[in-house]
Amino acid sequence: MQVLFVTSEVARYAKTGGLADVSAALPKYLLSAGHDVRVVMPLYSRVDLRGAAVETVLRDHDVTIARRTYRVSIIRAQRGSDAPVHLVDCPPLYQRAGIYTQDPDEHLRFLVLERAALDMCQRLQWAPDIVHGNDWQCGLLPLTFKVRYSWDDRVFARTRTLLTIHNLNYQGRFPASTLADTGLGDAVDLFHQDQLRAGVINFLLHGILYADGVSTVSPTYAQEIQTPDHGAELDAFLRARSSTVVGILNGVDYDDWSPERDALIPARFSAADLAGKATCKQAMCARFRIPYDPRVPVIGVVSRLAGQKGFALLDDVLADLLRRHGFQLAVVGNGESRFERMFDGLARAFPRQVGFYNGFSNELAHAVEAGSDMFLMPSRYEPCGLNQMYSLRYGTVPIVHKTGGLADTVQLWDPRDSTGTGFAFSTFDAAGLRWAIEAALVTYKDPQQWRALQQNGMAARYGWDIQGKVYEQLYARLSGR
């Protein structure tokens with residue numbers, strides 16, 4: 001099949017989170033499976049083109065939306081076996097300090113992305129079976145396609161649209177006056193009228209209403225977002241489309257995340273030979289300036305420091321647990337100042353137990369996954385999550401809240417029959433978190449049980465060779481093929 005994959009970020013080009021990882025790994029799998037997949041994203045000022053073969057495929061093309069015209073070029077970039085990425089070059093929109101902004105034309109930045117992607121298909125006479133958009137930045141793509149492009153039987157006769165929701169809480173809500181900028185003013189009757197009267201246009205909602213298919217990034221999250229607790233006020237619309245809302249777990253690119261081949265860690269190891277993990281732990285402790293002791297467990301954290309990630313629970317329990325149990329903590333992340341202050345305060349209060357790197361480093365992220373004994377993800381909600389799957393592969397036992405993709409990938413350890421892969425607490429409160437951490441620390445004291453728990457996790461597989469096939473099946477259903 002021919003797949004147009006439209007996204008706001010792609011790993012190795014520009015990344016803020018898990019969307020970028022999926023936008024690189026899923027198209028890479030599809031290409032390897034024989035499909036013609038073309039990824040489209042903006043050419044931000046921070047896009048990294050080092051090591052990519054680059055050519056211009058569309059030069060000085062005018063994208064007109066309502067009363068505005070933007071001149072764009074499209075540059076094709078490819079690295080090795082990765083899928084080609086088509087970068088929309090429009091300096092007035094994308095040459096800014098950040099990938100995302102609070103600027104008043106933020107909506108236009110992604111409306112132009114949608115139009116440029118569809119215009120590219122027409123100009124190159126390339127007919128996609130599937131137009132696959134991601135998150136609110138592609139929320140108006142299905143409606144724009146139906147109103148402005150579906151007439152073109154030469155290119156779009158068999159095209160179907162898919163919207164993937166990576167995080168329902170980011171919806172692209174703009175003032176109703178934005179309607180004039182969409183270029184769809186003559187189709188105002190197709191917009192949600194109650195919201196327009198309330199002075200709002202919700203981009204993601206219109207993707208849910210008009211895409212031929214809707215997917216999200218784990219089976220449990222697909223069910224959760226159809227409830228009032230997790231539906232972010234869109235649950236009724238998702239329930240109305242429940243027969244077409246599909247949860248497909250994100251996959252892991254084991255070329256990048258595997259202890260047998262990881263070039264960013266000081267020693268390789270495997271489930272059959274874990275000796276190198278001790279070397280990684282020692283090196284990680286040195287980087288965080290905490291003393292290495294093979295008998296002392298280290299809990300790792302690599303995360304955006306945001307309320308969604310559940311770090312407010314740690315305020316109530318972490319200092320007490322550190323004093324009582326003497327474990328160590330290695331944290332990589334930044335975000336909300338309250339959590340940055342919390343981890344900085346813990347590092348000052350427990351300098352021999354807590355190390356905190358305020359920021360993000362891919363190299364440190366690999367060091368924490370390989371060197372930690374446990375990995376903490378107490379998220380209030382988690383559409384999919386990738387770090388718990390990385391942790392399993394590295395023999396680093398996850399401690400998680402049982403929600404979304406965490407519930408789908410981490411099974412509770414049962415010492416009676418040595419089954420399970422980690423520790424998941426069901427009730428989102430400090431007591432549940434305390435129980436999970438203490439259960440992991442108790443199990444760590446039994447080397448035989450701990451080794452069995454590690455082996456269970458390292459045997460789990462969540463590669464794109466598995467998850468990619470589920471997307472192929474969804475594409476086939478949508479396209480009637």
Side-chain angles (χ1 to χ4, degrees), residues 9-25 44-51 79 97-100 252-259 261-269 276-277 279-292 298-306 308-309 311 314 328-348 350-351 353-379 382 385-396 398:
E9 55 185 87
V10 179
R12 300 182 69 190
Y13 292 90
K15 172 180 174 178
T16 67
L19 169 61
D21 294 317
V22 176
S23 298
Y44 306 109
S45 58
R46 67 170 60 179
V47 163
D48 182 0
L49 290 174
R50 289 175 297 178
R79 288 185 173 101
I99 292 176
Y100 306 115
V252 172
D253 187 343
Y254 288 125
D255 288 339
D256 289 334
W257 293 95
S258 175
R261 59 176 67 96
D262 193 332
L264 298 178
I265 59 178
R268 311 288 175 81
F269 59 92
K277 188 167 177 64
T279 303
C280 292
K281 180 175 178 178
Q282 186 171 7
M284 181 196 67
C285 287
R287 297 190 68 167
F288 283 92
R289 298 181 181 178
I290 53 179
Y292 168 69
V298 179
I299 298 178
V301 174
V302 178
S303 179
R304 285 185 299 110
L305 302 184
Q308 172 209 333
K309 299 299 183 178
F311 294 118
L314 300 181
Q328 294 172 316
L329 184 70
V331 180
V332 176
N334 60 0
E336 295 181 28
S337 58
R338 56 175 173 154
F339 298 128
E340 292 178 354
R341 289 194 301 269
M342 178 184 74
F343 284 120
D344 186 62
L346 287 168
R348 294 174 185 274
F350 300 91
Q353 289 176 259
V354 179
F356 173 44
Y357 178 83
N358 189 338
F360 178 74
S361 160
N362 186 51
E363 186 178 353
L364 268 184
H366 281 254
V368 170
E369 289 289 7
S372 300
D373 299 292
M374 307 157 197
F375 195 92
L376 182 61
M377 294 181 71
S379 304
E382 191 65 63
L386 291 171
N387 279 99
Q388 81 279 10
M389 293 188 275
Y390 301 157
S391 298
L392 291 169
R393 191 72 190 89
Y394 284 79
T396 301

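Only this structure's heavy atoms are used, side chains among them; waters, hydrogens and symmetry mates stay out. Index from 1, following the sequence.
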Next item on the list: Please determine if E382 and K309 form a salt bridge, counting it only when a charged side-chain N lies under 4.0 Å from a carboxylate O.
Entry: yes
Notebook entry, point to check: Quick check: does any side chain N or O of T396 sit under 3.5 Å from a backbone N or O of E369, one acting as donor and the other as acceptor?
Noted result: yes
Item checked: Side-chain donor/acceptor of D373 to backbone N/O of V298, under 3.5 Å -> yes
Notebook entry, point to check: Minimum heavy-atom separation for E340 to G335, with atom names?
Noted result: OE2-N, 2.9 Å
Margin query: For the CZ atom of F339 and the CG atom of N358, what is their distance to the nearest 0.5 Å?
Written below: 13.5 Å
Check: Of all heavy-atom pairs between V47 and A14, which one has the smallest distance, and what is that distance?
Finding: CG2-CB, 4.2 Å
Next item on the list: Test side-chain contact (heavy atoms from CB on, under 4.5 Å) on L376 and L314 and set out the steps.
Entry: CA-CA 11 Å; L376 182 61; L314 300 181; 3.8 Å; yes
Next item on the list: Write down the atom of N334, the atom of G359, and the distance for their closest heavy-atom approach.
Entry: ND2-CA, 3.5 Å
Item checked: side-chain contact (heavy atoms from CB on, under 4.5 Å) partner of L364, the single match among V331, V332, L264 -> V332
Margin query: Using 0.5 Å steps for rounding, measure from the CZ atom of R50 to the CZ atom of R12.
Written below: 10.5 Å
Note to self: In this structure, is the centre-to-centre distance between the rings of F311 and F343 below 6.0 Å?
What the structure shows: yes
Notebook entry, point to check: From R287 CZ over to M284 CE, what is the distance, rounded to the nearest 0.5 angstrom?
Noted result: 10.5 Å
Check: Where do E9 and Y100 land on the side-chain hydrogen bond (donor to acceptor under 3.5 Å, both in side chains) test, with the steps shown first?
Finding: CA-CA 10 Å; E9 55 185 87; Y100 306 115; 2.5 Å; yes
Check: Can you tell me how far the OH atom of Y390 sits from the OG atom of S258, to the nearest 0.5 Å?
Finding: 12.5 Å
Next item on the list: With side-chain hydrogen bond (donor to acceptor under 3.5 Å, both in side chains) as the test, would you mind laying out the steps for K15 and S23 before giving the verdict?
Entry: CA-CA 10 Å; K15 172 180 174 178; S23 298; over 6 Å; no
Check: Would you say the side chain of Y254 lies within less than 4.5 Å of the side chain of R261, judging by non-hydrogen atoms?
Finding: yes
Next item on the list: Carefully, step by step, assess V302 and F360 under the rule side-chain contact (heavy atoms from CB on, under 4.5 Å).
Entry: CA-CA 8 Å; V302 178; F360 178 74; 4.2 Å; yes
Note to self: Could you report the tightest heavy-atom contact between I290 and Q353, atom names first, then the distance?
What the structure shows: CG2-C, 4.0 Å
Next item on the list: Identify the two heavy atoms, one from A330 and one from V368, that lie closest to each other, and give their separation to 0.1 Å.
Entry: O-CG1, 4.4 Å
Next item on the list: Hey, could you give me the CD/CZ distance between Q388 and R393, rounded to the nearest 0.5 Å?
Entry: 15.0 Å
Item checked: L392 and F375: CA distance, side-chain angles, deciding distance, side-chain contact (heavy atoms from CB on, under 4.5 Å) verdict -> CA-CA 9 Å; L392 291 169; F375 195 92; over 6 Å; no
Next item on the list: For P291 and C285, work out which heavy atoms get closest and say how close.
Entry: O-SG, 4.3 Å
Margin query: Checking the side chain of K281 only, and the main-chain atoms of A370 only, is there a donor and an acceptor separated by less than 3.5 Å?
Written below: no
Next item on the list: Could you grab the distance from atom NE2 of H366 to atom SG of C280, nearest 0.5 Å is fine?
Entry: 12.0 Å
Next item on the list: Could you walk me through whether Y394 and D262 pass side-chain contact (heavy atoms from CB on, under 4.5 Å), step by step?
Entry: CA-CA 10 Å; Y394 284 79; D262 193 332; 2.6 Å; yes
